[in-house]
Each structure stands twice: as structure tokens, then as C-alpha cells.
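Written out below as C-alpha cells is the structure these notes cover.
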Amino acid sequence: CRIQKCSTDFVALTSHLNSAIDGFDSEFCKALRAYAGCTQRTSKACRGNLVYHSAVLGISDLMSQRNCSKDGPTSSTNPEVTHDPCNYHSHAGAREHRGGDLNPPGYLFCGLFGD
Amino acid sequence: PHLRTFKDHFQTCKVEGAWPLIDNNYLSVQVTNVPVVPGSSATATNKITIIFKAHRECTDQKVYQAVTDDLPAAFVDGSTSGGDGDTKSLLILERESGRYVEMHARYIGTTVFVRQLGRYLTLAIRMPEDLAMSYEESQDLQLCVNGCPLSERIDDGQGQVSAILGHSVPRTSLAPAWPGYTLEAANAQCHEKMPVKDIYFQSCVFDLLTTGDANFTAAAHSALEDVEALHPRKERWHIFPSGSQGTPHGRGHWAVS
């Protein structure tokens, strides 16, 4: 149900962060919000999945511990892409466009015509 | 009509009346099909309804509806975009007045083409897999996801329009099977627009023979163009029927190349 991908992205976003440096809290909250958004998008497909529900609870706990607001900027898995919550490609497509593939997998096509 | 599903299965279906193509948490697409000629179970699409569901701060719900001879470049509320004025996370573009519109839903990475060719409508959709597969179990009737029910199929159960052609019209007959076209004439006309003898070519021949309406040649051709514009995998653009350049992989499956 792709919850693993959400978790992997979160690890990728936070693994380089150092709590000793300025801006750590802000960046960590951004990553948490991105993680939360990712789990939200998988909520239907992951219903009943223990890993998913553990992740949701974990995110909630971490956001409380770090005093992160629910609304605010989020991290992108591609640092070159500025996150725009209303641009699917900026948070989901970025990883798929790596390697210069103009027609990334992960998209589906459906067509209807004729008689 | 001819349906190419999300799984690249190709089917020719009856599906008369209203049927859902897509019904997930982000998008709902429904088509209405009507018989094209008396005495035939073949139908074509004369109405398309698309609902872009409300999505947090990106857009409120927007409904698009097209019927034959009324292909608007606006949603039913008269707007041409969704979301904030600057953001425009959902946008309608008119490519050919009254004939061809595109809808770009940036917030869900989805693109929809709607065309009118002759008296009927065509549809092409590109959508991210994770969003397309985000639906409840109860929403299992989605032709784009699961194809047409077997009882609604008018191919031979393996998607073979060619078998229909072979059985319904005498291949060597010089007399038209339906007013207007012999098999040879249909082949020739379709070959002009579609030199690759794939399933789109075969569908074109099928449509000419069943209706005698030359507009279906343009419909098949533009359907292939839409595939080339929206399908993410070039190696899958063409689908070949068995006995030509590919083999079927079981019920409703086609070889892609």
C-alpha cells in the first residue's frame, strides 16, 4: 500500500539532519508534515495495515513532541523542487523524474473511443 | 466502444447506458453509451461526466460534462479553473472549439482529453497509479480498472475484434457488410491513417464495417495520438492482436510492443 515508500522518504529527508545545528526543528517539522501528507494519501489503500497505523501514531507523537504545527511548509524528496501542495509532481513526481525519464513509470493510462 | 484499461487490456464492449470508468477518492468519470446502428450491440459514447473531487486547499469540487454537440471548455458552474486565481491547480484548455478540450489537474498529476469526432465522444486519461488505485472495495465497478464485465464484451473473450470481423462479415466479400464499406475498403482507409496494423487499426476497421461512418477512422487515429501523448510507456503504445505481431496473454490480454 506504499506506506513503506512514505517511511523511506521520511528517513531520506531526516537522515542528514543534525539536532545540533540551527533550523533542525523547522526542517524536522517539514519532514514530518510531508510524512503525514504521504500517509494521508495512502490511507484508503493502507486501511488495516499495522505498519501504516503505527506510522500515523508515530507521526502524531513526534509532531506533539516537537511542537510541529499541522499546517506549514513540507519537505520535498528532491531538494531542487520547491514543495507546492497543489502540484502532485513536486511531492510525488520528483522521485520519478530522477534519471531524466520523461515518461516516468507510476502513471496509468485509460482510453475509450469508437463503437 | 473500445476500451483500453489501466492495465493495457484492450476490449470492445456493449456497455449501453451509463457506466463508471473511474471512481476513486480523487476523480469520478462516467460515460453514457448509445447504440450506433439498429440491430447491432455496438455502442458509442455520447455523454461524459467528470467529477474532480474537492481536494484540501487545492480545489473545490468541479464537475465537467460533455454531450454530443456540446463540448464546453468550462465546468458546469461556468468556471474554467479550480483553485486560487494564481495557483490554478485545475485547468480546462480548449484546443479545438467544440471538438477537443484538455483538463489538467495539477494537484493530482492527472490529465484528461475529451474529443468529439463525428457524433461521438472519446476520452483519454493519464493518472498517477497510487491515486488511481485509491478507492474503496465497494467502488469495484470501474471499467478503467477492471475492464468491462464479461457479459458486456462483444469481442471473443480475448479482446479479439479480428474474430468478430471474421465471423460477422465475409472477408472476401466484395459487397459491403454495412452500407458504405467492404472489408478491403475499410482496411485501405484505416491503413492510410494508421500504417501500423495494431489493435487501433483493427478497431478502425471494425468501426467502419459496423457503422459505415468514416468519422470512426479519425476517432481511432486520435485515440492512438492520445496514447502517444499520455501513456507513460512508449513500448506499450501499440497493442498487437494475436496472429499478427503479438500473442494474447490470456483472457482480455494483448501483447504490447
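We name chains A, B, ... by the order of the sequence lines, and we start the count at 1 in each one.
When the shell of 6.0 Å around NZ of B:Lys47 is examined, it contains 12 or fewer heavy atoms from other residues, nucleotides or ligands. Remark: A:Leu50 CG is loosely packed, at most 12 non-hydrogen atoms of other residues, nucleotides or ligands lying under 6.0 Å away. No more than 12 heavy atoms of other residues, nucleotides or ligands sit less than 6.0 Å from atom CG of A:Asp71.
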Test log, rule side-chain contact (heavy atoms from CB on, under 4.5 Å), inputs B:Cys58 and A:Asn87: CA-CA 9 Å; B:Cys58 301; A:Asn87 184 349; over 6 Å; no
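Relative ring orientation between B:His231 and A:Phe109 is described as tilted, the plane-to-plane angle lying within the 30° to 60° band.
Per-residue heavy-atom pair counts under 4.5 Å with chain A were compared for B:Glu136, B:Glu137, B:Lys7, B:Arg115, and the maximum is reached by B:Glu136. The most heavy-atom pairs under 4.5 Å with chain A, out of B:Thr5, B:Thr45, B:Val31, B:Asn25, come from B:Asn25. Counting heavy-atom pairs closer than 4.5 Å to chain A, the top-ranked of the candidates B:Ala220, B:Gly118, B:Ala132, B:Ser222 is B:Ala220.
For B:Tyr26, the part lying near chain A is the side chain, with the backbone staying farther off; criterion is any non-hydrogen pair under 4.5 Å. At a 4.5 Å heavy-atom cutoff, B:Ile22 makes no contact with chain A through either its backbone or its side chain. Contacts between B:Ile108 and chain A at a heavy-atom distance below 4.5 Å involve the backbone alone (N, CA, C, O).
When all heavy atoms of A:Cys110 and B:Phe6 are compared, the pair lying nearest together is CB-CE2, 3.6 Å. Across A:Gly114 and B:Ala44, no two heavy atoms sit closer than the pair O-CB, 3.5 Å.
With a 4.5 Å cut-off on side-chain heavy atoms, B:Asp130 and A:Tyr88 count as touching.
Summarising the geometry, atom CG belonging to B:Leu131 is positioned 9.5 Å from atom CG belonging to A:Leu108; distances are rounded to the nearest 0.5 Å. From B:Leu121, atom CG reaches atom CZ of A:Phe113 across 14.5 Å, with rounding to the nearest 0.5 Å. Note that SG of A:Cys86 is 4.5 Å distant from CD of B:Glu57, once rounded to the nearest 0.5 Å.
Judged purely by atom type and a 3.5 angstrom limit, B:His2 uses its side chain to pair as donor or acceptor with the backbone of A:Asp115.
Residues that satisfy the side-chain contact (heavy atoms from CB on, under 4.5 Å) test with B:Gln189, not counting sequence neighbours, are B:Tyr181, B:Leu208, B:Ala214, B:Thr217.
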